Amino acid sequence: MKVSKNLFNAALVALLVLSMVGITACGPKATPTPKVYAYKDMVVGFLQTGSEGGWRAANTASFKETAQQLGITLKFYDSQNDLAKQVAGFRQFIQDKDVNVIVLAALETTGWDDVLKEAQAAGKIVVLEDRRIDAADNLYATYIGSDFAEEGRKSADEICKLLANSAKKNVWELVGNVGSSAAKDRGQGFREKMGACGISVTKSQTANWSITEGKQVTEAWLKETKDVQAIFGQNDEMALGAIEALKEAGLKPGVDVFVLSVDATAGAFKSMLAGDLNVTVECNPLLAPQVYEAALKALNGVSLPKWVPSQEGVFRSTDPNLQSITDGRKY
Ligand code: AHR
């Protein structure tokens with residue numbers, strides 16, 4: 001009896017040890033094969049900034065159209081240019097059991113650490129698009145977007161060329177929404193290079209990416225003085241607003257006052273063909289294919305570079321084949 005009790009205990013201990021090393025009575029425990037995700041398995045919560053102009057409309061369309069083409073379920077959230085609403089929308093997607101990917105076009109660079117940690121704890125993949133943020137990069141999979149500082153540096157270089165024969169180099173800067181990476185970095189990049197030819201930024205104010213505010217701010221400045229040689233619009237819309245204000249003040253945009261913008265949307269090409277806008281520095285809005293590809297890789301456990309900068313050009317009203325370039329543009 002004593003012998004069989006010891007045998008039984010020994011068998012029990014053996015079974016316990018075997019199950020601890022993952023071997024059951026019917027052989028080793030199968031390690032579950034990780035799920036391989038496909039685009040049809042992706043449910044993306046997309047936090048867009050809110051409407052801002054031609055660039056933003058092209059960016060939104062890129063996400064909606066590409067999701068349809070790839071069979072991705074897209075939940076679109078319009079943050080109405082309100083940071084508190086955008087953070088609330090982020091939490092909504094964290095709580096949404098179906099959402100496995102969150103894409104963020106951040107209105108401002110700060111205020112994201114907490115929700116990013118919550119998303120990580122909830123196992124959500126987070127991809128930043130268009131706008132970078134000031135958060136530890138282990139809190140998101142990757143950032144796909146432009147080098148805004150380089151766009152600012154290019155803008156300074158181009159205005160230096162435009163003002164090469166001008167004794168005075170007073171520049172007015174129309175700034176994007178305060179707190180956004182696009183506005184901060186373009187301004188910083190511009191200031192890094194403006195000294196090369198003696199540019200002075202004599203006026204600088206936000207016009208919130210809008211054509212109306214771009215016009216109003218420039219009108220107010222023109223009431224004070226007309227001592228300006230060039231205008232740096234941090235996006236096409238604000239520069240187009242400034243062009244209207246210059247015309248109404250009896251000045252010839254592109255001649256009396258040079259005008260440069262960033263984005264290279266259709267509106268900028270139309271204005272360059274009309275001879276009003278001199279230069280536009282490209283900022284590519286068609287980011288969805290890269291973002292979805294990166295998100296799928298991240299879902300399948302692939303680690304990604306923390307930043308995938310967009311490839312972008314510069315276009316000038318003096319480009320001999322401007323018309324054909326314009327005809328070939330997608331946005
Ligand atoms: O973040 C990119 C900027 O946002 C674009 O330059 C501007 O047009 C948009 O509103």
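In each ligand, atom 1 is the first atom listed, and ligand 1 is the first ligand listed. Numbering of residues begins at 1 and proceeds along the displayed sequence. All of these numbers come straight from a predicted model, not from anything done at the bench.
The protein heavy atom nearest to atom 1 (O) of ligand 1 is Arg131 NE, 2.6 Å. Here the protein heavy atom with the shortest distance to atom 2 (C) of ligand 1 is Asp130 OD1, 3.3 Å. Looking from atom 10 (O) of ligand 1 to the surrounding protein, the closest heavy atom is Glu52 OE1, 2.3 Å. Among protein heavy atoms, the minimum distance from atom 8 (O) of ligand 1 is reached at Asp263 OD2, 2.5 Å.
Electrostatic pairing of Lys215 and Glu248 counts as a salt bridge here, judged by a charged N lying under 4.0 Å from a carboxylate O. Salt-bridge formation is detected for the pair Asp130/Arg56: a Lys NZ or Arg NE/NH1/NH2 atom is positioned less than 4.0 Å from an Asp or Glu carboxylate oxygen. Salt bridge Asp78/Lys85: absent, no basic N to carboxylate O contact under 4.0 Å.
Qualifying side chain to side chain donor-acceptor pair (under 3.5 Å) partners for Asp137, counting only residues two or more places apart in sequence or in other chains: none.
For ligand 1, the atoms closer than 4.0 angstrom to any heavy atom of Ala182 are 1 (O).
Geometric assessment of Arg329 against the ring of Tyr331 yields a positive cation-pi assignment under the 6.0 Å and 45° thresholds.
The closest approach between Val262 and ligand 1 stays at or above 4.0 Å for every heavy atom of the residue.
Within the structure, every pair that satisfies the side-chain hydrogen bond (donor to acceptor under 3.5 Å, both in side chains) test and touches residues 269-280, not counting sequence neighbours, is listed here: Asp236-Thr280, Lys247-Asp276, Ser261-Thr280.
Contact annotation: for Arg186 versus ligand 1, heavy atoms closer than 4.0 Å belong to the side chain alone.
Of the N or O atoms in Asn235, one or more lie within a sub-3.5 Å distance of an N or O in ligand 1.
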